[in-house]
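Take a look at the structure set out below.
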Amino acid sequence: MRMPKMTAFLTATAVFASALTLAARADEVHVLNWKGYGADEPWAIAAFEKATGNKVVNDFFNSEQEMLTKLRTNPGLYDVVMINAAFNDQAMAEKLIQPIDVSKIPNYADISPDKAGSPMLNHDGKVYGVPWVWGLTALAINEKAFETPPTSIAEMWNEAHKGRVTIRDDAVEAVQFGAIATGQNINDIKDMEAVKAKLTSLMPQIKTFWSSENDWNQMVASNQIDIGTYWSGSADRAKTHFKLPVSLVIPSEGAVAWLDAFSIPVGAKNVAGAEAFINYMIDPGFYVEWVTKVGAPVSANTKAVAALPEDAFNRRVMGDPDVGKRIQFQAPITDAQREAYLSLWQELKVNVK
């Protein structure tokens, strides 16, 4: 996936110019994010630090609940945090994040209107999250196990893959996946018994559960799995960066969609540096380099996606209207729902040896 030299030069120039415009005082910018998720790419950190004089200090989490716990227990430590939009309401309600002055983030103007206007990120006329990227929890396959890619979520239950299936160890995502498998709306599940029965029947197929990209990639690298739930951006990285035999499958039944956004925690010590960092992360120059070098989800910045080659996966497939019709974006859930999902998931996991 290569860009024309002039386009690459212009986008690279743009990202440095915009970052320099926002140059904050030389200081540290503490970022809380998933490990290996764009914000900690060494080349990106080096470019940002050179342009702004800010030093990036990364910290990581392995689940949204861990992210929230870190914000609660370390007030004032972080300047930027990446939050799944479905959890933004909770972070705001707990006063863990503060309103963002988007006038100080020039690239915000190019965020797609539907993402920028998400009610999950905007409250009482104030912005609490800057959309960064979106993607899917769909299926990924070990290409060695398939002559042709499957088209249905039902492939997870195929006896041919018994003991060679993996699913993320996340109660909410697992239940939502079960909802799709039973033809239900992930944000309005009417028949939890059907979901429980479907997931129960999947447990004998499971090799193990995964929590990080590294878990999934190591299993496919050692040929331990045939198929499993996976993030779209991670599948792209597995193939692009790690050269693994991985292909993403968006089932005919649909997939779980998510929107990730950057927020500024309450008590952030370097707000100007945070604004500069967020602006850099949503810039087309950074995004194209991230996709080309590593692989990434779909940018919320329309200009960033348009800067990709026309045959790029994040334009050709993820931008396909037919795909858009069958994906379901995660919405916030209540504490009671989360507890119910967790209880069900823990009960099911006991049956996996």
- Query: Do W345 and V172 touch side chain to side chain, with heavy atoms closer than 4.5 Å?
  - Reply: no
- Ignoring hydrogens and angles, tell me if any N or O in the side chain of T166 forms a donor-acceptor pair with the backbone of G228 under 3.5 Å. no
Output a table of donor-acceptor pairs, distance under 3.5 Å, between side-chain atoms of residues 138-149 and any protein atom two or more places apart or on a different chain; print 'none' if there are none.
{"from": "N142", "atom 1": "OD1", "to": "K144", "atom 2": "N", "distance (Å)": "3.0"}
{"from": "N142", "atom 1": "ND2", "to": "N223", "atom 2": "OD1", "distance (Å)": "2.8"}
{"from": "N142", "atom 1": "ND2", "to": "I225", "atom 2": "O", "distance (Å)": "3.0"}
{"from": "E143", "atom 1": "OE2", "to": "K239", "atom 2": "NZ", "distance (Å)": "2.7"}
{"from": "E143", "atom 1": "OE2", "to": "S247", "atom 2": "OG", "distance (Å)": "2.4"}

- Any side-chain heavy atom of L348 within less than 4.5 Å of one from Q346? no
- Task: Check whether any side-chain heavy atom of V256 sits under 4.5 Å from a side-chain heavy atom of Q328, and report yes or no.
- Result: no
- What class does the angle between the rings of W231 and W210 fall in, given that below 30° is parallel, 30 to 60° is tilted and above 60° is perpendicular? perpendicular
- Item | Non-hydrogen side-chain atoms of Y230 and N217 separated by less than 4.5 Å | yes
- Does the distance from a Lys or Arg side-chain N to an Asp or Glu carboxylate O, for K35 and E213, drop under 4.0 Å? no
- Where do A331 and M120 come nearest, in terms of heavy atoms and distance? CA-SD, 4.0 Å
- Query: So, the side chain of N107 versus the backbone of I282: is there a donor-acceptor pair under 3.5 Å, distance only?
  - Reply: no
- Pick one: which of F277, Y37, F286, Y280 meets ring-ring contact (aromatic ring centres under 6.0 Å, His included) with W132? Y37
- Message: Test your reading of the model: is there a side-chain donor-acceptor pair from S118 to the backbone of K115, 3.5 Å cut-off?
- Response: no
- Would F61 and W34 count as a close aromatic pair, with their ring centres under 6.0 Å? yes
- ILVMFWY network linking F242 to V294, side-chain heavy atoms under 4.5 angstrom: yes
